[in-house]
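Computed from heavy atoms alone, side chains included, the values below leave out hydrogens, waters and symmetry copies. Residue numbers begin at 1 in each chain, while the letters A, B, ... track the order of the sequences.
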Amino acid sequence: MRRIKSIPAKGLKTPAGTTARTFILTFFSVLFSTAMAVRRFPKPEFETNYIQPSTQIPVPRAELLAYLDVFVLLVSLSIVTWLILKKRSRLWVFAMSVFSLAYFGFYREGCVCSIGAIQNVSLALFDNTFVLPLSVLLFFILPLVFTAFFGRTFCAAVCPFGAMQDFFAFKPQALSSRLNTVLGILPYLYLGLAVLFAATGTDFIICRYDPFVGIFRFNASFGMFLFSGILLLSGVFIARPYCRFLCPYGVLLNWTSRFSRRHLTITPKECIQCRLCEHSCPYDAIEVPVTSKSPESRPVRVRKMMILTVFVPFIVLVFGYAGSRMQDTLAGVDSRVKLAKEVMALSGKQDAGYGMQDAGYKMQDDSYEIKAYKASGKTESQVYSEASAVVKKFYIGGWLFGGFIGLAIALMIGGRIMPVYRTDYVTSKGRCFSCLRCVDYCPVKS
Amino acid sequence: MPNRREFLNTLMRGGILAALGLLSVSLVLRSRDKNSCSNGFACSSCGKSQGCSLPAALEARQTVWQLDPSKCIQCGRCATNCVMTPSAVKCTHAYAMCGYCDLCGGYLKPGTKTLDTAAEHQLCPTNALKRKFIEDPFFEYTVDEQLCIGCGKCVKGCSAFGNGSLQLQVRHDRCKNCNECSIARSCPSQAFSRVPANKPSLLKSFGKESLEEAGRKGELNA
Amino acid sequence: MKQKIFIITGLVLLVGVIAIMLADLFSSKKADKANPYDYKMGELRKTDITCNGYIEQLTIKPALEEIHAVACGSGDRIYVAGKNGLEIYQVNGKPDGNFRFEGVASCMALDKKGRIFIGMQDHVEVFDQLGKPCNKWKSISTESLLTCIALTDSYVYLADAGKKIVYRYDMNGRLINRIGEKDPQKNVPGFIIPSPYFDLGIGKKGELWVANTGRHSLEQFSSDGALNSAWGEASMSADGFCGCCNPSHFAFLSDGSFVTSEKGIERVKIYSPQGKYVCMVAPPSAFVEGTKGLDLAVDSKDRIIVLDPEKKQVRIFVKK
């Protein structure tokens, strides 16, 4: 092992793992470590005392550090949960979100995150050659487990995305409940597409459209910065737009949190109906009391319930069918399908047979995809059969995706028509990020 | 009524936790199912699907991105599509494969008659490839990593005219190991794959396969 | 009112973000942007084909897994050797026998009696026409890489790209002498073989020619190793040999002209016996980019037989 100078990356702070990274293996140690009888095309026979340098291969970030990240995640989740449920201190939660932004955001540069881990898990489920590192699995599982017990404390101050947007919520506006519900469908779409594309091995779209990774790395194309900028700007008025209306992991957290064992309560004791907290939530996650004078009678509720039980499967089927009809559009994202289309267009243009005497000899400028296809030695039919296998996957995937969206919409409608009855101001367990802003407004202290 | 709701809540929570547990257990056990490679990797780093030579003690569960130079067609996207500027992909010189040619296809612009190191004769857009006289008629070529932008121009020249000792590789001291590599997504030849972190190189070399292979192809996959 | 403006602004921006995502995801635009760093190999591969006096007359598709060597035997039968076997074709391309052997043939030559000498990495094996092994020479050295074999009536010349040397053997595998070692006194510069392509051939007068690829030249040696003459120059244009090390293979026409093949810019050309460029037989566009190892043979009617390992074809070119 020898040391090489680490390259100072432009505008990047050097990560703490540098010492581990700057150790390099020489090419030879890699080459000969297998202790095979290595025979090679001999190098020139030098007469001077020239010593051939060895090729240096930098070693990746130490594996142990991935588990350090998991450890930091676990500790921050625990601390944040304690701060939220026991200490009930907005200031400390804010401090933790600064730490998370610094560590998971700027130091770890946003990779790997729990949101993106959805895709790794999905792909691992469908492709058994894909290696899912344990650390990535833990990044996926741990926040969900915490949420199942304590609500979305992960969102409060561990997720760097959340922290980032939380700082930008300067002028949060209350959205109507209807708007909230309609926009609330978007995360389901995003989750459905992300899982669909990941499971088919097409793409990791959550990472592809990760709005903040460029900021975390101080390094992005202009387009990416613009994308992040627009999102953050919309977050000035619509607080945490990514968390509420895009985040696919939020869907999972939302549903897990609904059944959480101990969720944050606005008031530590009894609500005194002072209404001070009513407008304190920038995320419209406080449910106001609904004390309708005449609650619906039992037969009415039963009838509604029966309509729903018929309606839900129906809408799931309709959307599932619609999804399956979209297989071509969806599969069109896949590079294998794209290649097949290009190859098809190419073979349509080319006349069969190759005549040397053709004055042709045209050096037509193929796209790099076509060049790579030609260099790979694959046959046309191989490319087509690969693509059609992908499209087939998208047919099934389209049914599931559509059905999932149908279910989400059906439940949304169901949630709106079923009556609710509550007397106190409570947090919506599903949507609350446990940011503790409301707690500061509550005059009741423990 | 509140009791019933609480019970349902607990039931659902239990269900969610059980599902998560089942998911983790199945995924963990599955990735230990080593039917193709002792590491469970679908990598091409050893070129064969069986008999991976990695010792079990070094079993890596972490993966990093690497590109297979034998699939690379030097499209230039490594230079333009990496989230890093300059790219984390750089030209790596496998000296053991180099012919030390005077007329280096990776160093000189095609058609250059006079063999001098004048910048205008150099193929590399950033003059990152350095040439040093060893002895008649051999020259050593080294890559200045500070200058290299990973465009692969020299790689193309070297593999077309020479032995292919200049190869593009992801440099892991620079690579952020994104969950989804943005070069991999745009790579036209699917040369990028996740490889075991403890075996992060896919450099091809004459060493890995027998001489007869070298004689036939003039270049080898590691 | 102000609140409404804020909400609408936020919503418009949010919808904008989503629209950008969807447009990017589902757009069918090609990712193919012009490569600012493109090595314009296409320009180099464009060749002046006005002097292209040859056409491809016949294409043979051998069934061997890999093909590496081609030779022409009695009755202009075409012999193709490669991985684990050899195939024979009649002059019109009809199969005319084949046999299997163990190993990868890298080069091949036929003697007057029709025996087939096959070079395999570090040793030579001799077969008769039916594939019966006649002789197996012992390994030359572990570093050896035989890339060419050529026969005169009584000698066997071997080109060893690994050791970068030419050997002269007798027909029974006994080493007589080594040719081409660097020897300033005898004015022999030595072979520079940067890549594993190293060809030799016996000219029409029985003289030995060796391709010193690193010097882009063809050198003529006497059988005792004296360098008599040499020609060739490096050039990307058609009249010279391109890249670091070419020609990778060569053969002789009946009038003593040279047929050469190159890698890098794949092309087959003819040079006069004096080494003057005559014409192009097959331009780069006739080959898959990156093809290496275009072995050559010439039959009695001066048909030029090109082995294309990339397309796995034996391609026969004739004068128009």
Requested in this report: Check for a donor-acceptor pair, side chain of C:Lys263 on one end and backbone N or O of B:Phe161 on the other, with a separation under 3.5 Å.
Outcome: yes
Query raised in the report: If you measure from SG on B:Cys78 to OH on C:Tyr37, what distance do you get to the nearest 0.5 Å?
Result: 12.0 Å
Query raised in the report: Between C:Asn35 and B:Cys75, which heavy-atom pair has the shortest distance, and what is it?
Result: ND2-O, 2.6 Å
Query raised in the report: Any idea which of B:Gly76, B:Cys151, B:Pro188, B:Pro110 has the most non-hydrogen atom pairs under 4.5 angstrom with chain C?
Result: B:Pro110
Query - Gap between atom CD1 of C:Ile192 and atom CG of B:Asp102 - 0.5 Å precision - result: 8.5 Å
Report task. For C:Gln313, check side chain to side chain donor-acceptor pair (under 3.5 Å) against everything at least two apart and list the hits. Result -> none
Query raised in the report: Checking heavy atoms, do the side chain of B:Pro125, its backbone, both or neither come under 4.5 Å from chain C?
Result: side chain
Report summary line: Closest non-hydrogen atoms of B:Leu103 and C:Gly243, given as atom of the first, atom of the second and distance, are CD1-O, 3.5 Å
Report summary line: Value for SG (B:Cys158) from OH (C:Tyr39), rounded to nearest 0.5 Å, stands at 10.5 Å
Query raised in the report: Out of curiosity, B:Lys156 NZ to C:Lys40 NZ, how far, rounded to the nearest 0.5 Å?
Result: 9.5 Å
Query raised in the report: Got a sec, which residues hit side chain to side chain donor-acceptor pair (under 3.5 Å) with B:Gln74, two or more places apart in sequence or on another chain?
Result: none
Query raised in the report: Do you know which of B:Ser165, B:Cys101, B:Cys98, B:Pro137 makes side chain to side chain contact (heavy atoms under 4.5 Å, CB included) with C:Pro194?
Result: B:Cys101
